[in-house]
Colleague: 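So that we are looking at the same thing, I have put the structure below in structure tokens.
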Amino acid sequence: MPDVRAICAIGLRGQLGLNGHLPWEGDQRPEFTADVARFFDITRGHVLIAGPTTIGAVPDWAKKQMTTFVIRSHMDPRDVLRQFRGRVVYMGGGPRAWDVYAPFIRHWDINRLPYDGEADRWFKPEWLVAGGATVD
């Protein structure tokens with residue numbers, strides 16, 4: 001079984017997304033730029049599984065430092081994860097991906113950012129207790 005983890009940043013009230021992007025995207029304040037750098041530092045050398053939008057947003061230089069894998073809604077999560085036995089796998093992609101993969105996630109790395117604006121996607125605390133599923 002891979003070591004399945006999630007890494008994400010949330011706003012002060014659990015904000016995750018707005019119109020298909022991070023609500024704070026482009027914010028150049030130090031805490032926001034440090035979060036982006038931290039994401040790439042932590043995922044370096046590992047596997048990032050996410051939908052096409054998230055994988056498409058990963059810069060080419062970072063893709064050279066990790067394994068990326070695009071997931072689609074018709075894919076069985078167990079079949080996807082079996083491909084990465086013995087690896088550290090980070091689940092990206094936000095609510096749609098985490099709704100499906102949360103039962104396999106063993107560790108959540110959540111960074112709270114000083115954002116308190118609009119959002120249309122929110123972190124769901126139930127993801128944190130969904131773990132326990134295994135991959136044969």
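Since the structure is predicted, the reported quantities are computational estimates derived from the model, not experimental observations.
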Colleague: So which heavy atom on K63 is nearest to which on G56, and how close?
Modeller: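 The answer is NZ-CA, 4.3 Å.
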Colleague: When hydrophobic residues are tied together by side-chain contacts of less than 4.5 Å, even through go-betweens, does Y90 share a cluster with V47?
Modeller: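 No, it is not one cluster - the side chains of Y90 and V47 are not joined through contacts under 4.5 Å.
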Colleague: May I ask you to check whether over 12 heavy atoms, not counting those of R96, lie within 6.0 Å of atom CZ?
Modeller: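 No, CZ of R96 has 12 or fewer neighbouring heavy atoms, counting only those of other groups under 6.0 Å.
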Colleague: Is it the case that one hydrophobic cluster holds both M66 and F84, taking links as side-chain heavy atoms less than 4.5 Å apart, direct or via other members?
Modeller: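 As far as the 4.5 Å side-chain criterion goes, F84 and M66 are not connected within one cluster.
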Colleague: Please assess E31 against N111 for the test side-chain contact (heavy atoms from CB on, under 4.5 Å), listing each intermediate value before the final yes or no.
Modeller: CA-CA 10 Å; E31 50 271 64; N111 190 20; over 6 Å; no
Colleague: Please give me the minimum heavy-atom distance between M1 and V135, naming the atom from each residue.
Modeller: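 Shortest heavy-atom contact: SD-N, 3.2 Å.
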Colleague: Does one hydrophobic cluster hold both L81 and V88, with members joined at side-chain heavy-atom distances below 4.5 Å?
Modeller: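 No; V88 is not reachable from L81 via cluster members.
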Colleague: Using side-chain heavy atoms (C-beta onward) and a distance below 4.5 Å, is W61 in contact with F40?
Modeller: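 Yes - at least one pair of side-chain heavy atoms lies under 4.5 Å apart.
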Colleague: Rounded at 0.5 Å granularity, tell me how far CD in E25 sits from CG in N19.
Modeller: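 Reported value, rounded in 0.5 Å steps: 11.0 Å.
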Colleague: Quick one: pull up NZ in K124 and CG in D99 and give me the separation to the nearest 0.5 Å.
Modeller: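 Interatomic distance, K124 NZ to D99 CG, rounded to 0.5 Å: 3.5 Å.
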Colleague: If hydrophobic clusters are built by linking Ile, Leu, Val, Met, Phe, Trp and Tyr wherever their side-chain heavy atoms come under 4.5 Å apart, do W108 and L113 end up in the same one?
Modeller: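 Different hydrophobic clusters.
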Colleague: What's the verdict on salt bridge (charged side-chain N to carboxylate O under 4.0 Å, His left out) for D41 and R44, showing C-alpha distance, side-chain angles and the deciding distance?
Modeller: CA-CA 5 Å; D41 185 50; R44 182 181 305 117; 2.8 Å; yes
Colleague: Any heavy-atom pair between the side chains of D109 and R38 that's under 4.5 Å?
Modeller: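 Yes, close enough: below the 4.5 Å cut-off.
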Colleague: Among V89, V70, T67, V58, which one satisfies side chain to side chain contact (heavy atoms under 4.5 Å, CB included) with L48?
Modeller: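 Option passing the side chain to side chain contact (heavy atoms under 4.5 Å, CB included) with L48: V58.
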Colleague: Is P114 close to F32 at the side-chain level, that is, under 4.5 Å between some pair of heavy atoms?
Modeller: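 Yes; the side chains approach each other to less than 4.5 Å.
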Colleague: Is a side-chain donor or acceptor of E118 paired with a backbone partner of L18 at a separation under 3.5 angstrom?
Modeller: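 No.
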Colleague: Looking at residues at least two apart in the chain, or sitting in another chain, which of them share a side-chain contact (heavy atoms from CB on, under 4.5 Å) with P30?
Modeller: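 Expected list: none.
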Colleague: Can you tell if the side chain of P95 reaches within under 4.5 Å of the side chain of W127, non-hydrogen atoms only?
Modeller: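 Sidechains of W127 and P95: in contact.
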Colleague: What do the steps show when you test W122 against Q15 for side-chain contact (heavy atoms from CB on, under 4.5 Å), and what is the final call?
Modeller: CA-CA 5 Å; W122 302 84; Q15 302 97 317; 3.4 Å; yes
Colleague: Calculate, to the nearest 0.5 Å, the distance between atoms CD and NE2 belonging to Q65 and H46 respectively.
Modeller: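 It comes to 11.5 Å.
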Colleague: I need the W24 CH2 to I10 CD1 distance, nearest 0.5 Å.
Modeller: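 Answer for the CH2-CD1 pair, W24 versus I10, is 8.0 Å.
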Colleague: If we ignore hydrogens and angles and just use 3.5 Å, is the side chain of R78 paired with the main-chain N or O of T134 as donor and acceptor?
Modeller: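 Between the backbone of T134 and the side chain of R78 there is a qualifying donor-acceptor contact (under 3.5 Å).
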Colleague: Which pair of heavy atoms, one from P23 and one from L16, lies closest together, and at what distance?
Modeller: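 Scanning both residues completely, I find the closest heavy atoms to be CD-O, 3.3 Å.
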Colleague: Considering only heavy atoms from C-beta outward, does the side chain of Y115 approach that of L22 to under 4.5 Å?
Modeller: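 A side-chain contact under 4.5 Å is absent here.
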Colleague: Should F104 and F69 be regarded as members of a common hydrophobic cluster, given that ILVMFWY residues are connected when their side-chain heavy atoms come within less than 4.5 Å of each other, either directly or indirectly?
Modeller: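 Yes, one cluster joins them.
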Colleague: Would you give the length of the straight line joining atom NE2 of H21 to atom CZ of R121, rounded to the nearest 0.5 angstrom?
Modeller: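 Reported value, rounded in 0.5 Å steps: 11.5 Å.
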Colleague: How long is the gap from OH on Y101 to CE on M75, to the nearest 0.5 Å?
Modeller: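 If we round to the nearest 0.5 Å, Y101:OH and M75:CE are 7.5 Å apart.
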Colleague: Hey, are the side chains of V4 and I49 touching, using non-hydrogen atoms and a 4.5 Å cut-off?
Modeller: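 No, too far: nothing below the 4.5 Å cut-off.
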Colleague: Would you check if L128 and I110 make a side-chain contact, meaning some heavy-atom pair closer than 4.5 Å?
Modeller: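 In short, these two side chains touch, coming nearer than 4.5 Å.
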Colleague: Would you name the heavy atoms of G20 and T53 that are closest together and state the gap between them?
Modeller: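 So the minimum-distance heavy-atom pair works out to O-CG2, 4.5 Å.
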